[in-house]
Amino acid sequence: MDYDQLLIAIAGVWGAGAGALVARVGRRGVGTALLVVLVCVALAAATGTRPELAVWLLLAPVAVAVPSAGLPLAGVALALLGLVSFVPEHAGHWTTALLGGLALGAGYFGLSRIDSGGGGGGGGGLGIGEVKLAVGAGVVLGWYGWPTVMVGAFAGFLIRAVYGVFAARGRRDGRGIVVPFGPFLLAGAFLGLLVGAFTA
């Protein structure tokens, strides 16, 4: 077993323990715990031995199980990434992380005003919760630069659009169902972070 494989194994063990804990505290099912494991393993594989991996592994269980903690997570992420920025071999920039959080949060705030009816043309189910979550997503994506922010933001809307197509085909009555955008935002941010970490 080489060092990278060992790191991935450690991330998997961490994810299993942290996932079980947050699932139990948050009264979530086994699926949540398993999702935390998969997220941690994927982040370890993409990030490698760079020091920001510790931040991703600390944030992942809470982001998966308690996505409503958007602003506190953003603050914690900024603080931890600020410390990581002093560690050699990191691959990101703290200033861009801060600006990324502000930019993505502002963008989602604007969309939530357009989509204030909930489920309108702006994206479906955009509210203040998604705005807060977008701030945290922007922080972690911004660490790797503006292209990563763009990829993560676009991926969230793309996943939502694909879901909308399949959901519309599955409905027989033709009536729309408002689905919160938060899960799609998180999924897009996760994919963007993987791309940013892998290409950094």
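Quick caveat, the model's predicted, so the values are computed rather than measured. Excluded from the calculations below are hydrogen atoms, water molecules and symmetry mates; all remaining heavy atoms, backbone and side chain alike, are included.
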* Cys40 side, atom SG; Ile10 side, atom CD1 - distance, nearest 0.5 Å -> 12.5 Å
* To do: Ignoring hydrogens and angles, tell me if any N or O in the side chain of Ser85 forms a donor-acceptor pair with the backbone of Gly82 under 3.5 Å.
  => yes
* Structure fact -> d(Leu194 CG, Thr199 OG1) to nearest 0.5 Å is 10.5 Å
* **Shared hydrophobic cluster, Leu59 / Val195 (ILVMFWY, side-chain heavy atoms < 4.5 Å)** => no
* Would you name the heavy atoms of Val131 and Ser112 that are closest together and state the gap between them? => CG2-OG, 3.9 Å
* Asked: Less than 4.5 Å apart, any side-chain heavy atom of His93 and any of Tyr144?
  -> no
* Start with the C-alpha distance between Leu191 and Val151, add both sets of side-chain angles, then the distance that settles side chain to side chain contact (heavy atoms under 4.5 Å, CB included), and finish with yes or no. => CA-CA 8 Å; Leu191 292 178; Val151 169; over 6 Å; no
* Asked: What's the shortest heavy-atom distance between Gly48 and Leu53, and which atoms?
  -> O-CD2, 3.3 Å
* Grab the two heavy atoms, one from Val62 and one from Leu58, that are nearest each other, plus how far apart they are. => CG2-O, 4.4 Å
* Structure fact -> To the nearest 0.5 Å, atom CG of Leu78 lies from atom CG of Leu73 at 11.0 Å
* Just do the side chain to side chain contact (heavy atoms under 4.5 Å, CB included) check on Leu141 and Phe190 with the steps written out, would you? => CA-CA 9 Å; Leu141 291 169; Phe190 173 64; over 6 Å; no
* Structure fact -> For Val37, the other hydrophobic cluster members (4.5 Å side-chain criterion, sorted by chain and number) are Ile8, Val41
* Should Pro61 and Trp14 count as side-chain neighbours, where that means a heavy-atom distance under 4.5 Å? -> yes
* Report whether Trp146 and Val140 are members of the same hydrophobic cluster (ILVMFWY, side-chain heavy atoms less than 4.5 Å apart, transitive linking). => yes
* To do: State plainly whether one hydrophobic cluster holds both Leu111 and Ile128, where clusters connect Ile, Leu, Val, Met, Phe, Trp and Tyr through side-chain heavy atoms under 4.5 angstrom apart.
  => yes
* **Leu81 side chain near Val139 side chain, heavy-atom distance below 4.5 Å** => yes
* To do: Please name the pair of heavy atoms, one in Pro180 and one in Glu130, separated by the smallest distance, quoted to 0.1 Å.
  => CB-OE2, 3.9 Å
* Hey, are the side chains of Trp94 and Leu98 touching, using non-hydrogen atoms and a 4.5 Å cut-off? -> yes
* **Heavy-atom pair of closest approach, residues Ala60 and Val39** => CB-CG1, 3.9 Å
* Asked: Looking only at heavy atoms, which two atoms of Thr148 and Gly192 are closest? And how far apart?
  -> CG2-O, 3.2 Å
* Structure fact -> The ring pair (Phe, Tyr, Trp, His ring centres under 6.0 Å) partners of Tyr108 (sequence neighbours excluded) come to Phe157, Phe181
* Are Leu80 and Leu71 grouped together when hydrophobic residues (ILVMFWY) are joined by side-chain heavy atoms under 4.5 angstrom apart? -> no
* To do: Start with the C-alpha distance between His90 and Arg50, add both sets of side-chain angles, then the distance that settles side chain to side chain contact (heavy atoms under 4.5 Å, CB included), and finish with yes or no.
  => CA-CA 5 Å; His90 69 273; Arg50 292 193 297 270; 5.9 Å; no
* Asked: According to a 4.5 Å side-chain heavy-atom criterion applied to Ile, Leu, Val, Met, Phe, Trp and Tyr, with indirect links allowed, do Val36 and Leu193 form part of one hydrophobic cluster?
  -> yes
* For the pair Val84 and Trp143, evaluate side chain to side chain contact (heavy atoms under 4.5 Å, CB included) and give the outcome as yes or no after the intermediate values. => CA-CA 11 Å; Val84 168; Trp143 174 255; 4.0 Å; yes
* Structure fact -> To the nearest 0.5 Å, atom CG of Leu104 lies from atom CG of Leu99 at 12.5 Å
